[in-house]
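Okay, so here's the structure we're looking at.
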Protein chains: 2
Amino acid sequence: MLQSLGKQDAPMDAYRQLFDGILSQRLSPGTKLNEVELAELFNVSRTLIRQALQRLQLEQVVEIHKNRGAYVASPTPDLAEQILLARNIIELAVVKLACKHCTQADALYLQQMINLEQSAIDQGDMATALRRSGEFHLQLAIVAGNQPFIHALRGLISQTSLIITMYNHGGGNACARDEHSHLLEAVKCGDESKAQELMAHHLGHIKQGCDFTQSPQVAGLQVAFAHLNAS
Amino acid sequence: MLQSLGKQDAPMDAYRQLFDGILSQRLSPGTKLNEVELAELFNVSRTLIRQALQRLQLEQVVEIHKNRGAYVASPTPDLAEQILLARNIIELAVVKLACKHCTQADALYLQQMINLEQSAIDQGDMATALRRSGEFHLQLAIVAGNQPFIHALRGLISQTSLIITMYNHGGGNACARDEHSHLLEAVKCGDESKAQELMAHHLGHIKQGCDFTQSPQVAGLQVAFAHLNAS
DNA sequence: GTATATTATATTGTATACAATATAATTGAA
DNA sequence: TTCAATTATATTGTATACAATATAATATAC
């Protein structure tokens, strides 16, 4: 609904399937991504699978080891720290820009995304909620209108999802709704310092909600893409 | 010398050839990158060329239009502004981190890079100087030790080279030596605010040296890779 | 002569086939 | 039984072949 593409685009489809699978927590960090298996699941050739995997690698969501295959990335606590620090720097700049550039239409759209996220939370679908939360942050960068920030955040937000999947077992991200709402309010008012303060707190909460002492279990491909195995 | 790889890696080689070609200004912005032509030049199959092109696309150095091929990116003045703004935000954070993490060995290595850059300038090889200048900035991020910043800057620095190629006809980047030296000095001392100030000025000079009113000419592939056509 | 339609060519997109490497299994010796 | 070596299998890496699309060239109508 947020991103309806008219004509089908095989490479993008394969990419998106994998991307969504990872961000929806169906594919756990560390899962091996077998090329032929994926090719058969998606009914395309390995060529397109490899394209998708390479792209995901460059977004840091997948690790590819030469001659040994692709794996869903599993950021270490140290890397997680770096990622959240980078997000803090970039998103503080982003909200500042957003305060300047946010139109009424932008604000409305952002509000809709918040509502969608909330409805996912209400239905107990935390995986979808997490994905939509990421989409909200990305949309903020789009509103800010800085291409490099958009590009960088796409990867960083995805990686943050992995981090939350791995380390945030408590699920303390439920407070996101109010935080996003308040943030949007500040952006609409053009209150830069307030918006930055809220963003800093928001990102701080993500970090606080994580316990960097335990690792997650790894699920297989068939489980992750069970909804495709109609045949 | 700075990056000697023992065993040869065909995909990386193809990528690096193209990357260096672009950053050394042998490939001008807007140049069409024909796949078969490149495959023959590098003596590899189109498969590897396409891999390299996709990677360059994700680094924003190459634009790929569906069914119409790959072109060296040619950032618009507006995008150039966004890129330099993003660099400003990120590199200010980078030097701050670098001030904290810079070891004596790091400082020595950075100094060597400055020397290499200067020797290129002395020989009048501005293309190499530009490339080495970029490597210095990237090394600073490596010293800072933040993976996402390293990753983001790799693309941003490359894009900046394109911007300079396109818009900085005056070549006013010659002042870079002193600026890099002074920057390194501040980093060695751990003087964060001083380092940030110098970095901000340095990046400001890049922008000031550009004239966003004229576009460059486009050279062909054979010219760019003439040094390969021994046969 | 210009413009449109149609054909021919060139280029990119995708799938498959083969090569190289790594992983797993098996065999044999201690 | 355990370890090592060797063979067999599976998986990834690369090149090629074919399909689809776009570009260029030619022909035809006006």
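Per chain, numbering begins at 1; letters A, B, ... match sequence-line order.
- For the segment residues 67-75 of chain B, the set of residues with a heavy atom within less than 4.0 Å of an atom of DNA chain D comprises B:Asn67, B:Arg68, in numerical order.
- With sequence neighbours left out, the side-chain hydrogen bond (donor to acceptor under 3.5 Å, both in side chains) criterion links A:Arg87 to A:Glu91, A:His137, A:Thr160.
- Considering only residues two or more places apart in sequence or on other chains, A:Ser119 meets the side-chain contact (heavy atoms from CB on, under 4.5 Å) condition with A:Arg132.
- A 4.0 Å heavy-atom criterion places the boundary nucleotides of DNA chain C facing chain A at C:dT14 to C:dT23, written 5' to 3'.
- A donor-acceptor contact closer than 3.5 angstrom links the side chains of B:Gln111 and B:Asn115.
- Looking at residues two or more places apart in sequence or on another chain, you find a side-chain hydrogen bond (donor to acceptor under 3.5 Å, both in side chains) between B:Asp125 and B:Thr128.
- Applying the 6.0 Å contact sphere to CD of A:Glu81 captures no more than 12 heavy atoms from other residues, nucleotides or ligands.
- With the end axes of the helix from C:dG1-D:dC30 to C:dA30-D:dT1 each set by five pairs, the angle from one to the other reads 0° at 10° resolution.
- Remark: the B:Asp78 side chain and the B:Thr76 side chain contain no N/O donor-acceptor pair separated by less than 3.5 Å.
- Here A:Arg131 does not pair with A:Glu117 in a salt bridge; the nearest charged N to carboxylate O distance is not below 4.0 Å.
- Identified under the ring-ring contact (aromatic ring centres under 6.0 Å, His included) test for residues 54-86 of chain B, with sequence neighbours left out: B:His65-B:Tyr71.
- Sorted by first and then second residue, the salt bridge (Lys or Arg N to Asp or Glu O under 4.0 Å) pairs with a member in residues 38-47 of chain A read A:Glu35-A:Arg46; sequence neighbours excluded.
- Taking B:Gln159 as the reference, nothing meets the side-chain hydrogen bond (donor to acceptor under 3.5 Å, both in side chains) condition, with sequence neighbours excluded.
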Solution key, residues 146-156 of chain B side-chain donor-acceptor pairs under 3.5 Å, sequence neighbours excluded:
{"unit_1": "B:Asn146", "atom_1": "OD1", "unit_2": "B:Phe149", "atom_2": "N", "d": "3.0"}
{"unit_1": "B:Asn146", "atom_1": "ND2", "unit_2": "A:Gln82", "atom_2": "O", "d": "3.2"}
{"unit_1": "B:Gln147", "atom_1": "OE1", "unit_2": "A:Gln60", "atom_2": "NE2", "d": "2.8"}
{"unit_1": "B:His151", "atom_1": "NE2", "unit_2": "A:Leu58", "atom_2": "O", "d": "3.2"}

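- Residues from residues 44-52 of chain A that place a heavy atom under 4.0 Å from any atom of DNA chain D, listed by number: A:Arg46, A:Arg50.
- For A:Glu59, the side-chain hydrogen bond (donor to acceptor under 3.5 Å, both in side chains) criterion is met by A:Tyr15, not counting sequence neighbours.
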